[in-house]
J.: 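Here you go, one structure.
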There are 2 protein chains.
Amino acid sequence: MTAVAFQSYPQADPRVDALVTDVIGRVADKWTMLVLEVLVEHGEVRFTQLGRLTGKISQKMLTQTVRAMERDGLIIRTVHPVVPPKVEYRLTDLGYTLAGAFCGVWTWAEANIERIEAARAAFDARVPC
Amino acid sequence: MTAVAFQSYPQADPRVDALVTDVIGRVADKWTMLVLEVLVEHGEVRFTQLGRLTGKISQKMLTQTVRAMERDGLIIRTVHPVVPPKVEYRLTDLGYTLAGAFCGVWTWAEANIERIEAARAAFDARVPC
DNA sequence: CCGTATCCTGTCGGATACTG
DNA sequence: CAGTATCCGACAGGATACGG
């Protein structure tokens, strides 16, 4: 399936490219990046605490995000057999290297917010609804 | 390897944080990154050509993506008044700096695909069903 | 406290058809 | 060639309720 427009492109290795795209898509998620940032800053963090620090994230999305990140080997989930339950999350070495890679994007966004907003305003003035 | 050494994240302004998140969300899009990569590699590219080079992207999504990127000041759209129409896209300076920032993530993904797939396989074996 | 399960709505995104 | 317009299925993701 997926017979789409623009098929057949002279790329070197479509398999590797697809995998990289997949990894990027998974990892470049909004919540993934925020969780990554929180864990870099705070080290080991509990579930609810992680939710608060991440901002307005629903419990559902937080669960999904940490689960996917654990599956990808980015974080480690530690369950303490106590009552009430205590679960802590921390980055793996792989997670730290990813955070390092994303650091560039994060600082870029911070540094260029004003330029982007200016560009948007100019565009919207140029192309009104 | 590893050796993370992360400088602590400076500010704590929720407004700025929201904006950064917004920018990240916009810019970390799958198609945005692919278009970015193609334009870095090929310089100035026409619409259909861009579609082919980007891989399996529908015309609709390509239009949306380039429009949003133009609005954000990442690319420049040049219309040549000829028949048949000829429209070319190229990166702005801002676009190039973004591509540079993403370069780290891209190479990270390439370098760690195998580790991620191994982690996923291990996780799925550990947590079946 | 740490989740899972369910419902429900908005948005994403592909397919198709048409214009300058 | 370079779009625009429209229909529509799929799914992300919030709100809520419940369980270990």
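Chain identifiers are assigned alphabetically (A, B, ...) following the order of the sequence lines, protein sequences preceding nucleic acid strands; residue numbering begins at 1 within each chain.
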J.: Which residue, A:R67 or A:P84, contacts DNA chain C at a nucleotide closer to its 5' end, judged by nearest heavy atom?
T.: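 The 5'-side residue here is A:P84.
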J.: Where does the angle between the aromatic ring planes of B:Y89 and B:F47 fall among parallel (under 30°), tilted (30 to 60°) and perpendicular (over 60°)?
T.: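 Taking B:F47 first and then B:Y89, their aromatic rings sit tilted (interplane angle of 30° to 60°).
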J.: What is the separation between atom CZ on B:R77 and atom C1' on D:dA2, rounded to the nearest whole Å?
T.: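 Spelled out: CZ on B:R77 to C1' on D:dA2 is 8 Å.
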J.: Whole angstrom is fine here: how far is it from CG in B:D29 over to P in D:dA12?
T.: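 Rounding to the nearest Å, CG of B:D29 and P of D:dA12 are 15 Å apart.
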J.: Mind calculating the distance between CH2 (A:W31) and P (D:dG13) to the nearest angstrom?
T.: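 The distance from CH2 of A:W31 to P of D:dG13 comes to 9 Å, rounded to the nearest Å.
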J.: Within a strict 4.5 Å, meaning less than it, do heavy atoms of the A:V38 and A:Q49 side chains meet?
T.: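 The answer is no, as the side chains (C-beta and beyond) never meet within the 4.5 Å cut-off.
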J.: Tell me: CD of B:Q59 to P of D:dC1, nearest whole Å?
T.: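 From B:Q59 CD to D:dC1 P: 10 Å.
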J.: From CD1 of A:I57 over to C1' of D:dA12, roughly how many Å is that when rounded to an integer?
T.: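 My rounded result for the distance is 13 Å.
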J.: If you take atom types as modelled and just measure distance, does the side chain of B:Q64 reach the base of C:dG13 with a donor-acceptor pair under 3.5 Å?
T.: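 There is none.
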J.: Do B:V45 and B:E88 touch side chain to side chain, with heavy atoms closer than 4.5 Å?
T.: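 No - every pair of side-chain heavy atoms lies 4.5 Å or more apart.
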J.: Rounded to the nearest angstrom, tell me the gap between atom NZ in B:K56 and atom C1' in C:dA15.
T.: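 It works out to 16 Å between those atoms.
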J.: In whole angstrom, give the distance that lies between atom NZ of B:K30 and atom C1' of D:dA12.
T.: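 Interatomic distance, NZ of B:K30 to C1' of D:dA12: 15 Å.
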J.: Assuming nearest nucleotide by heavy-atom distance, tell me which of A:P85 and A:M61 is located more 5' along DNA chain D.
T.: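 With A:P85 and A:M61 compared, the 5'-side residue is A:M61.
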J.: Out of D:dG3, D:dC1, C:dC2, which nucleotide sits closest to the side chain of A:F47?
T.: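 Among the listed nucleotides, the one closest to the side chain of A:F47 is C:dC2.
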J.: Rounded to whole angstroms, how far apart are CG on A:L62 and P on D:dG14?
T.: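 One finds 11 Å between P of D:dG14 and CG of A:L62, rounded.
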J.: Tell me which nucleotide among C:dC2, C:dT6, D:dG3 gets nearest to the side chain of A:K60.
T.: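 My answer, after comparing the listed nucleotides, is C:dT6.
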J.: With a 4.0 Å limit, can you tell me whether B:T63 has a side-chain N or O closer than that to the phosphate oxygens OP1/OP2 of D:dG3?
T.: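 For D:dG3, neither OP1 nor OP2 has a side-chain N or O of B:T63 closer than 4.0 Å.
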J.: Report yes or no: do A:W31 and A:T54 form a side-chain donor-acceptor pair below 3.5 Å?
T.: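 Result is no, nothing qualifies.
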J.: As a check on the pairing definition, encode DNA chain C in dot-bracket form, counting Watson-Crick and G-U wobble pairs whose two distances are under 3.5 Å, and using | for partners outside this strand.
T.: |.||||||||||||||||||
J.: Can you name the nearest heavy-atom pair linking A:L39 to A:Y96, along with the distance?
T.: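 Here A:L39 and A:Y96 meet closest at O-OH, 4.5 Å.
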J.: Below 4.0 angstrom from OP1 or OP2 of D:dA2, is there any side-chain N or O of B:T48?
T.: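 It does, given that an N or O in the side chain of B:T48 lies less than 4.0 Å from OP1 or OP2 of D:dA2.
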J.: Minimum heavy-atom separation for B:G104 and A:A101, please, with both atom names.
T.: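 Nearest pair, atom of B:G104 first, then A:A101: O-CB, 3.7 Å.
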J.: Can you tell me if the side-chain N/O atoms of A:Y89 get under 4.0 Å from OP1 or OP2 in C:dC2?
T.: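 For A:Y89, the contact criterion (side-chain N or O under 4.0 Å from OP1 or OP2 of C:dC2) is not met.
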J.: Let me see the working for B:R115 and B:I113 under side-chain contact (heavy atoms from CB on, under 4.5 Å), right down to the final yes or no.
T.: CA-CA 6 Å; B:R115 290 182 68 180; B:I113 280 180; over 6 Å; no
J.: Do the side-chain N or O atoms of B:R46 get closer than 4.0 angstrom to the phosphate oxygens (OP1, OP2) of D:dA2?
T.: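 Yes, within the criterion.
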